[in-house]
Amino acid sequence: MQSDRSQSTSRRAGPLAGLRVIDLTHVMAGPTCTLMLADMGADVIKIEKWPNGDDTRHSVPPKIGDEAASFLMMNRNKRGIVLDLKTDGGKAVLRRLIADADVLVENFAPGAMERLGFGYEELHETFPALIYCSLSGFGRTGPYKHRRGFDLVAQAMSGIMSFTGERPDGPPVKCGPPLSDITAGLLASMGILAAYTHRLKTGEGQWVETSLFEAALVQTYWQSTIALAAGTAPRAMGSAHPLNAPYQAFEASDGWLVVGGANKKHWLLMLEALGASELAADPRFVTGADRMANLKELEAVLSERFRTRTRAHWLAALDEKGVPCGPVHDMLEALSDPQTLAREMVVEVEHSTLGPVKTIGLPVKFSGTPGKVASGAPVYGEHTREVLAEHGFDTAQIEALEKEGAIVSASRERKERVA
C-alpha cells in the first residue's frame, strides 16, 4: 500500500524533498546521517524504541524545558514515532513504512536487525529498490565485526589518541568532539546519496555501510602518510602540524591565536607582520624542511615575539599581510561570531512544546534548492498517529495498535501521565 506523501513533502525544502527515510538510529552516528538528509529536505521518520526512546533523551544536563538539549540538537527536522518491534503489531507497522520508503538507516548492535526480521538480505528480496544503510563500530566484515563500537574506542584503535595531546611523551588524549561518530554519519549520508544516484540510473537499491573505526581512520590522512612512507608512528605535537611549520597556536599577551605561515610566501609575510624579517636568513628556518627539523627552536623564537603584543594587534597585522590566522575561540565565542551568524550556522527553530530553540544550521548551501531547519525535534511519539494515518491505518487500527502496546503516540502518553 502506497502512502500519501503530499502532506509531508509539501512542508519540506531542499534538494532531497520527496525522499523518504526510515530512521532506526540512536545517539550520534546514525542521527548525524539522518540529520544531514533531513536538513537537505528528506522526510525522515525517526522510530524510537519503547519504553525509553533514544538514549540522548536521557543525556542530561543540560535540558531545555522538559527535553534533553542533546536530543533536540540531533533530531530537528525529523518526524518521530514510537514502535515496540518486539510486538507483531510493531513489526507490521515497520514493514508497511518500509514498503513506501526510499532509504532505511540503522545502527543497531550486530545481528539485531536480522533477529527482528529486518536484515538487509530479507528486505532486499521484497524491496529491491530500497537503499539500506548500516552504521556500526567496526563494519560487517573482518575479525571485529561482532564488536560493539564507541567513539572513544574508535579514536583509540585508529591511532588518533596516540598523536593527540601536548607532548610526545604525554598520555593518550581523545579529541574533544565525538570525531568518529560525526564523521561516520557524514560518510553514511554521502554513501546513501551515491547509492541513490545509482538507483536513479538503474532502479536498484543496495546495502551501504560504514563504521566508526573507518571513520576515525580517514581522519588520519597526514599521520597515515608519515607512517606508511617513513615507517614511523607520529606522536603528539600540541597544535603543530606534522608536515608544515609554523602552523599552530601561539599565545599573545592576552590570549591565543593560530597562524598558518607554513609555505614560503606566508612564512615571509608572517615575519614582516612580526617585525622579524631577519629570521628569513636564519639557516635553521630557511625552508619548510628546515623549520620542521628545528620546530622546537622555531616555536620558542616565535612564542617570545607573540607574547609582546595583544592578540588583536597580531591578528590585524597578520590579516593585513594576508597571512591565514584567527583567534582561538571558546564555544560561546564561536557561536556568536559574526561569520557564524552570517552563514546561518546558528538558527532558531520552532519546537512544538518549547517554542523557539537555537540549533546548529545546515553547513551545505544550495543556490537553487536551499535546505532549511524547519521544525524542532519531535516529542516522544509526536507524529505516530500522523505517520500511520499517511500509511493507510485508520483510527480503529491505530487504537488497536496502541492497546496492543505496539505503538505509542504523544497524545496517549499525555493521557497516561494525567491519569
Side-chain angles (χ1 to χ4, degrees), residues 160 163-168 170 173 175-177 179 182-183 219-223 225-226 234-346 360-361 363-365:
I160 288 175
F163 57 77
T164 301
E166 197 56 36
R167 61 186 192 277
V173 175
C175 293
L179 197 71
I182 295 172
T183 303
Q219 291 286 348
T220 72
Y221 283 132
W222 287 142
Q223 287 76 16
T225 295
I226 294 169
R235 308 304 294 176
M237 301 175 63
S239 64
H241 195 283
L243 298 175
N244 302 296
Y247 191 92
Q248 64 189 85
F250 291 98
E251 188 176 17
S253 64
D254 63 346
W256 289 83
L257 70 154
V258 294
V259 184
N263 64 33
K264 182 177 181 180
K265 174 184 175 182
H266 289 146
W267 163 244
L268 296 175
L269 289 172
M270 187 193 79
L271 294 181
E272 290 179 19
L274 289 174
S277 294
E278 71 279 3
L279 293 178
D282 190 312
R284 296 173 298 173
F285 310 138
V286 173
T287 67
D290 294 332
R291 294 192 291 277
M292 286 301 301
N294 298 284
L295 183 59
K296 289 301 178 185
E297 293 92 333
L298 178 66
E299 288 176 339
V301 170
L302 295 180
S303 293
E304 183 178 0
R305 186 62 62 103
F306 274 110
R307 290 193 189 101
T308 64
R309 305 295 292 268
T310 66
R311 182 169 72 174
H313 169 84
W314 292 125
L315 289 173
L318 292 163
D319 191 55
E320 182 180 0
K321 293 291 184 179
V323 180
C325 62
V328 177
H329 279 157
D330 65 27
M331 279 313 307
L332 290 175
E333 292 170 327
L335 294 172
S336 61
D337 189 281
Q339 186 67 19
T340 303
L341 302 180
R343 294 291 289 175
E344 297 183 328
M345 284 307 296
V346 172
I360 294 293
V364 183
K365 276 59 175 180

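This chain uses plain numbering: 1 for the first residue, then up along the sequence. As a basis for the values below, the full set of heavy atoms in this structure was taken, side chains included, without hydrogen atoms, waters or symmetry mates.
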Pairwise side-chain contact, [X] with [Y], heavy-atom cut-off 4.5 Å (strictly under):
X: K321; Y: M270; value: no
X: Q248; Y: V259; value: no
X: L243; Y: I226; value: yes
X: W256; Y: E251; value: yes
X: L279; Y: L274; value: no
X: L298; Y: P246; value: yes

Once you round to the nearest 0.5 Å, how far does [atom1] of [X] lie from [atom2] of [Y]?
X: R311; Y: C325; atom1: CZ; atom2: SG; value: 11.0 Å
X: E344; Y: I360; atom1: CD; atom2: CD1; value: 13.0 Å
X: M237; Y: T164; atom1: CE; atom2: OG1; value: 12.0 Å
X: R305; Y: W314; atom1: CZ; atom2: CH2; value: 6.5 Å

Nearest heavy-atom neighbours spanning [X] and [Y]:
X: L257; Y: A252; answer: CD2-CB, 4.0 Å
X: E278; Y: G275; answer: OE1-O, 4.1 Å
X: M292; Y: P242; answer: CE-O, 3.3 Å
X: A273; Y: A317; answer: CB-O, 3.8 Å
X: R167; Y: A236; answer: O-CB, 3.4 Å
X: S336; Y: L341; answer: O-CD1, 3.9 Å

Flag, side chain of [X] to backbone of [Y], donor-acceptor distance under 3.5 Å:
X: S253; Y: R309; result: yes
X: T340; Y: A334; result: yes
X: T220; Y: Q223; result: no
X: D319; Y: L315; result: no
X: R291; Y: A262; result: yes

Task: Qualifying residues under side chain to side chain contact (heavy atoms under 4.5 Å, CB included), relative to V364, sequence neighbours excluded - done: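 Per chain and number, V364 pairs via side chain to side chain contact (heavy atoms under 4.5 Å, CB included) with F366.
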Task: Flag if over 12 foreign heavy atoms under 6.0 Å of NZ, K296 - done: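 Atom NZ in K296 is not packed in, count stays at 12 or less.
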Task: Heavy-atom neighbours of E333 CD exceed 12 at 6.0 Å - done: yes
Task: Chi angles and distances behind the side-chain contact (heavy atoms from CB on, under 4.5 Å) call for C175, I160 - done: CA-CA 8 Å; C175 293; I160 288 175; 3.8 Å; yes
Open item on the list: Is the ring pair F250/F306 parallel, tilted or perpendicular, if the boundaries are 30 and 60 degrees?
Closed with: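 It falls in the parallel class, under 30°.
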Task: With W267, the side chain to side chain contact (heavy atoms under 4.5 Å, CB included) member among L271, N263, L269 - done: L271
TODO: Could you tell me whether E297 and R284 make a salt bridge, using a distance below 4.0 angstrom between a side-chain N and a carboxylate O?
DONE: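 No.
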